[in-house]
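Following: one structure in structure tokens, then a few remarks.
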2 protein chains.
Amino acid sequence: MKVKEVSELTGVSIRTLHHYDDIGLLVPDQVTEAGYRLYSDENLADLQQVLFFRELGFSLKHIKELLSSPTFKRLEALELQRDMLVQKKSQLERMLATIDRTIQSEKGENIMTNEEKFKGFDFAKNPYEEEAKARWGKKAVEQTNSQFTKEIQEDMNRIYYKLADIRHLEADSIEAQEAIEEWFLLLNRIGSYSLDAFKGLGEMYVADERFTKNIDQFGEGLARFMRDAMNVYVDQQ
Amino acid sequence: MKVKEVSELTGVSIRTLHHYDDIGLLVPDQVTEAGYRLYSDENLADLQQVLFFRELGFSLKHIKELLSSPTFKRLEALELQRDMLVQKKSQLERMLATIDRTIQSEKGENIMTNEEKFKGFDFAKNPYEEEAKARWGKKAVEQTNSQFTKEIQEDMNRIYYKLADIRHLEADSIEAQEAIEEWFLLLNRIGSYSLDAFKGLGEMYVADERFTKNIDQFGEGLARFMRDAMNVYVDQQ
DNA sequence: TTTGACTCTAACGTAACGTTAGACTTTATA
DNA sequence: TATAAAGTCTAACGTTACGTTAGAGTCAAA
């Protein structure tokens with residue numbers, strides 16, 4: 001299948017297909033002697049993955065890393081994408097609720113605070129903050145001076161630094177597994193993580209750029225290392 | 001309210017607020033002697049509009065045009081944005097349906113065509129095509145050689161050129177109103193447009209860039225002209 | 001008064017394409 | 001078979017919407 005046909009089938013521009021080939025994101029399986037790109041069914045399935053991740057806000061660089069990772073599995077990726085699309089739908093519904101209330105407000109039917117007007121716009125929120133809100137309740141998060149919160153934060157930072165220090169080790173090493181157990185126990189001080197949920201969280205560390213960005217502040221590649229170690233930890237229980 | 005507070009309230013970065021001020025999209029009501037920006041409640045309500053339109057994929061330039069249009073009314077904009085958010089939610093649901101079917105396909109539970117894999121990805125679709133599908137049914141659209149379809153297309157193009165020729169006239173001129181009546185009648189050969197729906201469609205011509213882009217191919221500013229003429233036509237019935 | 005947080009302007013950099021141009025290739029028709 | 005139109009290529013500049021960095025000025029609390 002050549003570029004025009006792929007473009008019409010998928011809605012992606014020819015220029016974009018060239019671009020994706022140039023950056024190695026989606027390389028056609030064949031190229032004719034004239035230089036024409038020929039895309040296979042496998043290429044189309046990959047393109048679908050790319051488009052889903054793109055729709056979810058992933059950078060092309062990140063998408064490329066995910067797709068080329070040795071541990072990448074299409075079915076798992078689809079399930080992860082599905083979860084994230086459901087979250088995105090929830091956000092959209094929050095925005096709809098906000099706009100409905102704003103319409104009522106414009107009609108004089110209610111009063112809205114400025115804060116309420118921006119519900120649903122979660123652009124810069126730190127996912128830990130969202131996680132923490134869900135776990136601790138809103139009040140605890142706002143009382144950032146509380147002792148319990150401080151202790152948790154300090155413990156989190158301590159374990160991050162520890163893991164960053166040993167990230168050159170194998171994910172199944174004794175040191176790594178001890179630290180990850182600490183992490184698991186810490187998270188279960190906050191809330192209730194099953195082993196499956198813990199494993200899924202590790203995947204999110206790598207798949208969701210906001211997590212990766214935050215974690216890798218402690219050390220390049222730490223999110224990946226933690227994901228791997230978390231996988232080992234769960235598999236050994 | 002200064003930039004940091006606005007940023008934390010809304011999730012928009014300080015750099016973005018600077019940028020929006022620079023391009024005249026969101027200009028703070030006050031600036032201190034030191035040069036500090038002070039945003040009012042009115043500014044925040046405008047920002048909400050900006051963010052909704054941005055979420056819907058509007059360029060900042062276009063958002064600025066909409067907000068500064070003499071006919072801009074916040075309540076109408078909110079209702080339009082709501083409609084568009086609902087459409088976006090539908091698209092997301094189509095993507096979810098596609099991903100669910102893809103998951104089943106990966107598990108060997110069904111077979112998917114390449115076309116089915118890209119349902120929900122409507123990036124480049126011409127809105128007329130979507131409109132036409134809804135009006136004529138899918139079969140008629142696919143039979144693009146059918147005589148009826150050809151006649152409609154020809155009539156559409158004829159009226160577009162006619163309107164493009166006279167767009168320097170006033171929207172309430174006799175010529176404009178005659179042409180718009182032709183347009184209304186043509187659309188009602190396709191489907192069933194109430195006057196209200198016709199008026200709403202005119203708004204979409206200007207608010208939705210895909211419409212604007214397609215219509216303005218016949219002449220710069222034609223979408224706006226048609227919107228105005230359609231408003232006049234409806235108000236005079 | 002000092003210090004740290006806040007804010008400013010300026011400017012370069014980035015990501016992801018869109019657009020334009022010229023040259024080569026393919027396809028359908030006369 | 002020739003021709004014209006459609007298709008495809010590479011290259012390169014342009015666009016949009018910020019992010020990042022830098023240096024300087026401002027404000028508020030101790």
Side-chain angles (χ1 to χ4, degrees), chain A residues 1-39 43 47 50-66 121 123-124 126 144-145 209-210 212-214 216-217, chain B residues 1-39 43 47 50-67 121 123-124 209-210 212-214 216-217:
Chain A
M1 207 184 288
K2 281 176 283 188
V3 285
K4 183 165 157 70
E5 196 176 350
V6 174
S7 175
E8 286 172 349
L9 175 68
T10 63
V12 175
S13 72
I14 292 171
R15 176 73 185 95
T16 301
L17 293 170
H18 287 177
H19 182 61
Y20 289 175
D21 184 9
D22 289 346
I23 64 175
L25 176 60
L26 183 69
V27 181
D29 277 344
Q30 283 179 66
V31 181
T32 69
E33 286 192 8
Y36 284 26
R37 298 167 172 84
L38 299 181
Y39 292 87
N43 285 141
L47 179 56
V50 171
L51 296 185
F52 275 127
F53 279 124
R54 190 179 75 168
E55 177 66 25
L56 291 165
F58 286 65
S59 70
L60 299 185
K61 181 182 171 186
H62 193 194
I63 297 171
K64 185 184 169 189
E65 286 171 3
L66 288 175
F121 293 106
F123 307 112
N126 181 333
T144 52
N145 289 330
E209 281 190 304
R210 293 168 303 176
T212 307
K213 193 172 170 187
N214 273 290
D216 280 0
Q217 284 173 2
Chain B
M1 207 185 285
K2 281 177 285 190
V3 287
K4 183 167 158 71
E5 196 175 349
V6 174
S7 176
E8 286 173 350
L9 175 68
T10 63
V12 175
S13 72
I14 292 171
R15 175 73 185 95
T16 301
L17 293 171
H18 287 176
H19 182 61
Y20 289 174
D21 183 9
D22 289 345
I23 65 174
L25 176 60
L26 184 70
V27 181
D29 277 345
Q30 281 179 67
V31 181
T32 68
E33 285 192 10
Y36 285 26
R37 297 167 173 83
L38 299 181
Y39 292 87
N43 285 140
L47 179 56
V50 171
L51 296 184
F52 274 127
F53 279 124
R54 189 179 76 168
E55 179 65 26
L56 290 165
F58 286 66
S59 70
L60 299 186
K61 181 183 173 186
H62 193 194
I63 297 172
K64 185 183 165 188
E65 286 170 3
L66 288 174
L67 292 193
F121 292 106
F123 306 114
E209 280 189 305
R210 293 169 304 177
T212 306
K213 192 173 172 186
N214 273 289
D216 280 1
Q217 284 173 1

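Chain letters run A, B, ... following the sequence lines, proteins first, then strands; residues in each count from 1. Excluded from the calculations below are hydrogen atoms, water molecules and symmetry mates; all remaining heavy atoms, backbone and side chain alike, are included.
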(request) Could you say whether A:Asp22 or B:Ser59 is positioned toward the 5' end of DNA chain D, judged by the nucleotide with the nearest heavy atom to each? (result)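 Counting from the 5' end, the first nearest nucleotide belongs to A:Asp22.
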May I have the distance from [X] (atom [atom1]) to [N] (atom [atom2]), rounded to whole angstrom?
{"X": "A:Leu38", "N": "C:dT25", "atom1": "CG", "atom2": "P", "answer": "15 Å"}
{"X": "A:His19", "N": "C:dA15", "atom1": "NE2", "atom2": "C1'", "answer": "7 Å"}
{"X": "A:Tyr20", "N": "C:dA15", "atom1": "OH", "atom2": "C1'", "answer": "11 Å"}

(request) For DNA chain D, note the earliest and the latest nucleotide, 5' to 3', having some atom under 4.0 Å of a heavy atom belonging to chain A. (result)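 Range of nucleotides touched by chain A: D:dG7 to D:dA12.
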(request) Using a 4.5 Å cut-off on heavy atoms from C-beta on, say whether the side chain of A:Val50 contacts that of A:Val12. (result)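 Sidechains of A:Val50 and A:Val12: no contact.
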(message) Could you work out, with side-chain contact (heavy atoms from CB on, under 4.5 Å) as the rule, every residue matching B:Glu65, not counting sequence neighbours?
(response) B:Lys61, B:His62, B:Arg224
(message) Going by the rule salt bridge (charged side-chain N to carboxylate O under 4.0 Å, His left out), which residues pair with A:Lys2 if we only count those two or more places apart in sequence or in a different chain?
(response) none
(request) Residues of residues 24-34 of chain B with any non-hydrogen atom less than 4.0 angstrom from an atom of DNA chain D: list those, numerically ordered, please. (result)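 Contacts with DNA chain D under 4.0 Å: B:Ala34.
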(request) Kindly write out the residues that satisfy side-chain hydrogen bond (donor to acceptor under 3.5 Å, both in side chains) with B:Thr32, not counting sequence neighbours, or none if the list is empty. (result)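 B:Thr32: no side-chain hydrogen bond (donor to acceptor under 3.5 Å, both in side chains) contacts found.
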(message) Using the side-chain hydrogen bond (donor to acceptor under 3.5 Å, both in side chains) criterion, which residues pair with A:Lys4? Sequence neighbours excluded.
(response) A:Glu8
Please tabulate, for the side chains in residues 19-28 of chain A, all donor-acceptor contacts under 3.5 angstrom to protein atoms that are two or more places apart in sequence or on a different chain.
residue : atom : partner : partner atom : Å
A:Tyr20 : OH   : A:Arg54 : NH1          : 3.1
A:Asp21 : OD2  : A:Arg37 : NE           : 2.8
A:Asp21 : OD2  : A:Arg37 : NH2          : 3.4

(message) Main chain of A:Asp29, side chain of A:Asn43: is a donor-acceptor contact present, judged purely on distance under 3.5 Å?
(response) yes
(request) Could you grab the distance from atom OG1 of A:Thr10 to atom CD of A:Glu5, nearest 0.5 Å is fine? (result)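 One finds 10.5 Å between OG1 of A:Thr10 and CD of A:Glu5.
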(request) Would you please name every residue forming a ring-ring contact (aromatic ring centres under 6.0 Å, His included) with A:Tyr39, sequence neighbours left out? (result)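 Testing A:Tyr39 for ring-ring contact (aromatic ring centres under 6.0 Å, His included), a comparison that skips the adjacent residues, returns none.
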(request) Check B:Ser13 against B:Ser7 and note the closest heavy-atom contact, atom names and distance. (result) CA-OG, 3.9 Å
Pull out every protein N or O sitting under 3.5 Å from an N or O of nucleotides 5-7 of chain C, one pair per line with the distance.
residue : atom : partner : partner atom : Å
C:dC6   : O2   : B:Tyr36 : OH           : 3.3
C:dT7   : OP2  : B:Lys4  : N            : 3.3
C:dT7   : O4'  : B:Tyr36 : OH           : 3.4

